[in-house]
J.: 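Sharing a structure, written as structure tokens. Questions coming.
Position 1 is the first residue of the sequence, and the numbers go up from there.
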Amino acid sequence: MEARLNFYGNAVAGKFARYINSAGKVVSDSTLPASTQELVKIRASQINGCGFCLDMHTKDAAHAGETALRLNLVAAWREAKVFTDAERAALELTEQGTRIADAAGGVTDEAWAEAAKHFDEDQLAALVGLIALINAYNRMNVIVQQPAGDYQPGQFA
């Protein structure tokens, strides 16, 4: 299986990818916990059906020490006891932020208030940016049918 478009082999796509990757560095350099960042990326990628991003972020999370139990339960986080209240708040915000078109009012005040209980303003800014960013990556990869399975942890570092 080949991707429909090589993001690094096309000048326009490559330039776009470099800019969007720069936005990602702002988030990864923030004080939003790295484990929370990976959980957010995984959950949005599950919702959006992005195999490439799931491959990448589950492997990166495992490489960073995330347990198989937690990785396997991200899709069922509401029923799982293995996530902190802060992680649950981030996952709820991720789901609502990813499913904006499915919800008449977008992100609820309750979801925002719960996230604001656990994250300071800079972390909330990083969380919002991350949710937007992973959704953009998911859409890029799904549109071009980027194949999954070959990613190696740290490959794009």
Side-chain angles (χ1 to χ4, degrees), residues 1-84 86-103 107 111 115 119 123 125-157:
M1 175 184 223
E2 294 277 328
R4 292 173 170 162
L5 177 70
N6 179 344
F7 266 95
Y8 298 97
N10 175 279
V12 172
K15 188 173 185 180
F16 180 80
R18 283 191 296 280
Y19 279 112
I20 199 167
N21 290 343
S22 294
K25 179 132 175 58
V26 172
V27 174
S28 64
D29 288 348
S30 75
T31 60
L32 184 66
S35 59
T36 301
Q37 291 184 40
E38 289 301 333
L39 294 174
V40 164
K41 292 179 226 179
I42 292 165
R43 186 63 190 127
S45 299
Q46 289 171 333
I47 293 166
N48 291 322
C50 184
F52 183 82
C53 289
L54 280 169
D55 182 36
M56 176 189 298
H57 297 299
T58 55
K59 287 176 179 175
D60 281 347
H63 185 73
E66 189 60 77
T67 67
L69 175 66
R70 284 171 42 97
L71 291 174
N72 290 331
L73 289 173
V74 172
W77 65 268
R78 283 183 178 82
E79 294 81 23
K81 299 183 203 180
V82 298
F83 300 105
T84 68
E87 290 167 339
R88 290 174 175 284
L91 289 166
E92 180 64 34
L93 196 65
T94 300
E95 286 196 7
Q96 289 189 24
T98 299
R99 293 183 164 137
I100 289 174
D102 299 339
V107 174
F119 302 104
Q123 291 171 321
L127 184 56
V128 169
L130 178 60
I131 294 166
L133 185 64
I134 191 60
N135 274 279
Y137 278 123
N138 290 164
R139 281 152 177 76
M140 289 165 43
N141 287 313
V142 169
I143 290 167
V144 302
Q145 295 182 343
Q146 189 67 43
D150 295 332
Y151 178 79
Q152 298 299 311
Q155 178 177 325
F156 296 121

J.: Could you state the interatomic distance from CD (Q152) to CG (D60), rounded to the nearest 0.5 Å?
T.: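 Spacing of CD (Q152) from CG (D60) equals 10.5 Å.
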J.: So which atom in L133 and which in G24 form the shortest heavy-atom distance, rounded to 0.1 Å?
T.: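 That would be CD2-CA, 3.2 Å.
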J.: With heavy-atom distances below 4.5 Å as the criterion, would you say the side chains of F83 and L39 are in contact?
T.: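 In contact.
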J.: Please determine whether salt bridge (charged side-chain N to carboxylate O under 4.0 Å, His left out) holds for the pair R70 and E38, giving the CA-CA distance in whole Å, both sets of side-chain angles, and the decisive distance to 0.1 Å.
T.: CA-CA 11 Å; R70 284 171 42 97; E38 289 301 333; over 6 Å; no
J.: Is it true that, when you exclude D102 itself, more than 12 heavy atoms of the residues, nucleotides or ligands shown sit nearer than 6.0 Å to its CG?
T.: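 For D102, atom CG is crowded (more than 12 foreign heavy atoms under 6.0 Å).
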J.: Does K41 reach the side chain of Y137, with side-chain heavy atoms less than 4.5 Å apart?
T.: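 A side-chain contact under 4.5 Å is absent here.
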J.: Compare every heavy atom of L54 with every heavy atom of Q46, then report the nearest pair and how far apart it is.
T.: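 Distance-wise, the nearest heavy atoms are CG-CD2, 3.6 Å.
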J.: Output the distance between atom OG1 (T58) and atom OH (Y151), rounded to the nearest 0.5 Å.
T.: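 Answer rounded to 0.5 Å: 10.0 Å.
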J.: Return yes if some donor-acceptor pair links the side-chain N/O of Q145 with the main-chain N/O of R4 below 3.5 Å, else return no.
T.: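 Judged by distance alone, no pair lies under 3.5 Å.
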J.: Applying the side chain to side chain contact (heavy atoms under 4.5 Å, CB included) criterion to H57, which one of V74, V40, L71, I42 satisfies it?
T.: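 So, applying the side chain to side chain contact (heavy atoms under 4.5 Å, CB included) to H57 and each of V74, V40, L71, I42, only I42 qualifies.
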J.: Shortest non-hydrogen contact from E87 to S35?
T.: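 In this case the closest contact between E87 and S35 is OE2-OG, 4.0 Å.
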J.: May I ask you to check whether over 12 heavy atoms, not counting those of Y8, lie within 6.0 Å of atom OH?
T.: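 Atom OH in Y8 is packed in, count exceeds 12.
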J.: What closest approach, in Å, do P147 and M1 show between heavy atoms, and which atom pair accounts for it?
T.: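 In this case the closest contact between P147 and M1 is CG-O, 3.5 Å.
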J.: Does some side-chain heavy atom of M140 sit less than 4.5 Å from a side-chain heavy atom of I20?
T.: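 Of all side-chain heavy-atom pairs linking M140 with I20, at least one is under 4.5 Å.
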J.: Enter the distance from I134:CD1 to T98:OG1 here, rounded to the nearest 0.5 Å.
T.: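 Those atoms lie 9.0 Å apart.
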J.: How close do P33 and F119 get, heavy atom to heavy atom, and via which atoms?
T.: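 For P33 versus F119, the nearest heavy atoms are CD-CE2, 4.3 Å.
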J.: Taking side chain as C-beta onward, heavy atoms only, is N21 less than 4.5 Å from F156?
T.: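 Sidechains of F156 and N21: no contact.
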J.: Are there more than 12 heavy atoms of other residues, nucleotides or ligands under 6.0 Å from atom CD of E2?
T.: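 Counting neighbours around CD of E2, 12 or fewer heavy atoms of other residues, nucleotides or ligands fall under 6.0 Å, so no.
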J.: Report yes if some heavy atom in the side chain of S28 is under 4.5 Å from a heavy atom in the side chain of Q37; otherwise report no.
T.: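 Heavy-atom side-chain distance check passes, below 4.5 Å.
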J.: Nearest 0.5 Å, what's the CD1-CD1 distance between I100 and I131?
T.: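 These two atoms lie 9.0 Å from each other.
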J.: So, taking the atom named CZ in R88 and the one named CZ in R78, what distance separates them when rounded to the nearest 0.5 Å?
T.: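 So the gap between those two atoms works out to 9.5 Å.
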J.: Looking at every heavy atom in both R43 and T94, which two are closest together, and how far apart are they?
T.: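 Taking every non-hydrogen atom into account, CB-CG2, 4.3 Å.
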J.: Nearest 0.5 Å, please: how far is CG in N135 from CZ in R99?
T.: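 Atom-to-atom, R99:CZ and N135:CG are 10.5 Å apart.
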